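What follows is a single structure, written as structure tokens, with notes after it.
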2 protein chains.
Amino acid sequence: MVTIYDIATKANVSPMTVSRVINKSGKVSEATRTKVEDAIHELNYIPNTSARYLTSKKSKILSLVITDITNPFFTKVARGAEDKAKQMGYSLLLCNTDEDINKESDYINMLVSTGVDGVLITPSQDKSKKNLRTLNKYNIPFILLDRKIDGIECDSVHGDSQEGTRKILEHLIDKGHRKIAIINGPLDVSTARERQKAYMETLRTYNLPVHEELILQSNYKNKDTNSDLSKLLSVQLEKRPTAIFAANNFIAINTIKELRKQNIRVPEDISVVCFDDLDPSIDLNPFLTVVAQPAYHFGFTGAQMLIERIEKTAPPDFRKIVLPSKLIVRNSSASAHI
Amino acid sequence: MVTIYDIATKANVSPMTVSRVINKSGKVSEATRTKVEDAIHELNYIPNTSARYLTSKKSKILSLVITDITNPFFTKVARGAEDKAKQMGYSLLLCNTDEDINKESDYINMLVSTGVDGVLITPSQDKSKKNLRTLNKYNIPFILLDRKIDGIECDSVHGDSQEGTRKILEHLIDKGHRKIAIINGPLDVSTARERQKAYMETLRTYNLPVHEELILQSNYKNKDTNSDLSKLLSVQLEKRPTAIFAANNFIAINTIKELRKQNIRVPEDISVVCFDDLDPSIDLNPFLTVVAQPAYHFGFTGAQMLIERIEKTAPPDFRKIVLPSKLIVRNSSASAHI
DNA sequence: CTGTTAGCGCGTTCAT
DNA sequence: ATGAACGCGCTAACAG
């Protein structure tokens with residue numbers, strides 16, 4: 001392994017001078033600088049991040065803690081974060097929590113152990129607060145992505161669940177739907193709470209009744225867990241929904257699969273819409289009506305704010321970025337027919 | 001920061017003993033072990049990976065170097081790799097090269113600098129050989145994923161391009177197609193070469209002529225670059241293809257988009273099929289006929305082999321795993337009608 | 001079974 | 001503008 005000592009010898013200077021050249025810190029004369037740089041190239045020197053970390057406490061590593069890279073929303077978040085990280089000279093560690101608080105805690109420990117400079121995190125649930133406190137304790141800055149945690153002060157990038165929910169429900173209401181069910185994520189996740197609240201508010205705004213039977217709980221994972229769906233469909237016909245609002249894309253997919261198993265057609269028999277888009281093939285066969293969020297920007301902007309925080313170029317006050325969502329009407333939603 | 005010295009003091013032992021407990025190395029009496037473990041928990045000690053690396057040269061970090069996490073194939077590869085890495089106590093650094101050799105070289109330097117224990121890499125092109133040599137030079141084991149590089153000895157996980165191509169072409173031939181075009185990736189990527197070779201062989205097997213005009217070059221990226229497509233469609237009618245085999249999913253998507261712009265219907269006017277599946281929404285509206293590869297297993301198996309290599313539990317001979325692909329017939333391919 | 005010594009590669013601090 | 005000494009947190013090698 002080539003060290004600064006090797007190139008110091010080669011360039012006839014002290015290791016300290018080499019260090020200064022590498023880090024562009026302190027004053028070095030033009031002459032010695034080029035001498036050192038030549039030696040660096042000749043010997044193919046690559047600095048050792050670990051050694052550097054030990055004294056400087058900077059690893060140049062960020063981490064992205066999300067629930068599942070397989071969800072197209074997070075895939076794009078990851079790409080955005082990685083692009084910005086690379087651009088700024090940082091690496092990105094990927095962590096999938098699967099909405100599991102224990103997995104998340106494991107990862108947080110790993111990240112502390114690794115000495116990452118900062119973390120972009122979509123907390124798995126409200127309990128994640130303890131993990132954020134751990135990061136605080138070790139002075140590791142973090143950005144909250146997509147989900148909020150009460151009582152935590154930090155920079156964040158969120159979507160507008162309230163606005164998005166309203167938009168997509170108005171679309172359904174426009175289409176004549178009056179009995180709209182929601183299949184939500186778990187209520188210990190902020191987005192699910194916000195979407196449920198907005199769901200109820202919007203219905204009230206349009207003088208539509210809120211039926212308890214039409215509010216279902218599921219989870220955000222890519223796993224069939226819609227056993228409740230049968231209940232929903234078995235309610236007396238007058239109350240049976242003509243449309244379903246799924247709180248995220250995975251829920252929508254599972255719901256539609258389940259409906260089809262039961263020979264219920266979408267959108268002829270029931271409309272299904274959701275939060276978050278599906279990529280990249282969705283244009284080929286436009287089907288699911290969604291409220292899309294600018295996922296790439298979640299990651300990109302989040303990484304940018306994080307790096308600014310790390311490098312102390314951020315404004316002292318924490319920034320809360322709210323990114324707009326966009327209604328995309330496709331074919332899974334049709335006019336109400338009952 | 002809590003160090004082994006702190007817990008050594010607390011437990012009334014030497015730092016070395018603490019180290020032994022943490023690493024389960026050497027002999028430690030049951031009594032002192034528990035004493036030390038208690039202290040570790042009380043003080044909430046988390047080992048410092050960098051310090052550990054400096055002496056042991058083990059970072060417990062792997063890297064996944066792929067072309068684009070946004071491609072559903074690689075999304076799943078990443079998930080598989082991350083799952084296995086986590087299970088074995090490793091972290092995963094994500095690198096997107098965008099098929100760009102310079103980006104790839106940048107990343108390789110970063111990885112050396114970071115001191116990753118091993119790399120899973122889909123080389124961007126044949127020129128990547130120099131980057132693999134760099135890894136060799138620094139004794140960083142790596143696994144080749146999906147693409148081969150001549151003259152490099154290492155473990156690898158590949159799909160069967162020959163078999164897959166044959167299967168999907170036979171499907172088209174069964175449907176009565178005799179003029180089948182290929183829109184391929186760049187020929188400095190092994191999979192593109194193999195698919196082209198298999199394309200020609202299969203046509204010959206079935207006594208079908210190979211027309212130069214029906215062989216197009218594109219790239220594997222998610223970017224519209226099918227300007228050649230017009231040429232393909234403007235050839236005299238007898239030679240005009242009734243089906244297109246796209247060498248990957250992104251090419252297929254771009255091709256279909258372009259066809260639609262020109263008001264050419266798929267599959268009524270022309271069939272389009274490709275290598276690699278689209279997830280996770282594809283089941284909702286089954287459209288693209290593909291040869292799917294077990295992407296998750298690429299990553300999972302690759303990570304497993306890599307870790308075995310790192311931890312010296314791998315067999316001395318390099319392993320070449322070939323994973324089977326599977327034809328999935330959907331609606332983008334129909335019977336030939338001309 | 002346990003402890004001591006030394007050094008990994010680098011940057012900080014203080015000199016010169 | 002440049003250098004020397006020290007220590008970051010940990011483990012390998014050796015002693016006891």
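What you see is a predicted model, and the numbers here were worked out from it, not measured in a lab. The chains referred to below are lettered A, B, ... by the order of the sequence lines, with proteins before strands, and numbering in each begins at 1.
Residue B:L54 contributes atom CG, which lies 14 Å from atom P of C:dG7 at whole-angstrom precision. Distance B:I4 CD1 to C:dG3 P: 12 Å, rounded to the nearest Å. Regarding B:D6, its CG atom lies at a distance of 9 Å from the P atom of D:dG9, rounded to whole Å. In this structure, CG of B:N48 is placed 16 Å from P of C:dG9, rounded to the nearest angstrom. In this structure, CD1 of A:I7 is placed 12 Å from P of D:dG3, rounded to the nearest angstrom. Atom-to-atom, CD1 of B:I46 to C1' of D:dG9 comes out at 14 Å; the value is rounded to the nearest Å. Computed from coordinates, the B:I22 CD1 to D:dA12 C1' distance equals 15 Å when rounded to whole Å. Distance B:E30 CD to C:dT2 P: 11 Å, rounded to the nearest Å.
Residue B:M16 places its side chain closer to D:dA13 than to any other of D:dA13, C:dT13, C:dC10. You'll find that the side chain of A:T17 is closest to D:dG3, out of C:dC10, D:dC10, D:dG3.
Taking 4.0 angstrom as the limit, A:N23 places a side-chain polar atom (N or O) nearer than this to OP1 or OP2 of C:dG11. Look at B:T32 and you'll find a side-chain N or O under 4.0 angstrom from OP1 or OP2 of C:dT2. In terms of phosphate contacts, B:T55 brings no side-chain nitrogen or oxygen within less than 4.0 Å of OP1 or OP2 of C:dC8. Within the structure, every side-chain polar atom (N or O) of A:S56 is placed at least 4.0 Å from both OP1 and OP2 of C:dG11. The side chain of A:S29 contributes an N or O atom lying less than 4.0 Å from OP1 or OP2 of D:dT2. For A:S14 and D:dG3, the shortest distance from a side-chain N or O to OP1 or OP2 is below 4.0 Å. At the phosphate of C:dC10, OP1 or OP2 sits under 4.0 Å from a side-chain N or O atom of A:Y45.
Within the 3.5 Å criterion, the main-chain N or O of B:I108 finds no donor-acceptor partner in the side chain of B:N131.
Side-chain N/O atoms of A:S124 and A:T97 include no donor and acceptor closer than 3.5 Å.
Nearest-nucleotide assignment on DNA chain C puts the 5′-proximal partner with B:K27, out of B:K27 and A:R20. Mapping B:R52 and A:P15 onto DNA chain D by nearest heavy atom places A:P15 at the nucleotide closer to the 5' end.
Cation-pi geometry between B:K58 and B:Y53 is not met: the NZ or CZ atom fails to fall both under 6.0 Å from the ring centre and inside 45° of the normal. Both tests pass for A:K60 against the ring of A:Y90: distance under 6.0 Å to the centre and angle within 45° of the axis.
Residue contacts shown for A:Y5 include a base, since a base heavy atom lies under 4.0 Å away.
Taken to the nearest 0.5 Å, the CD1 atom of A:I121 stands 11.0 Å off from the CD1 atom of A:I66.
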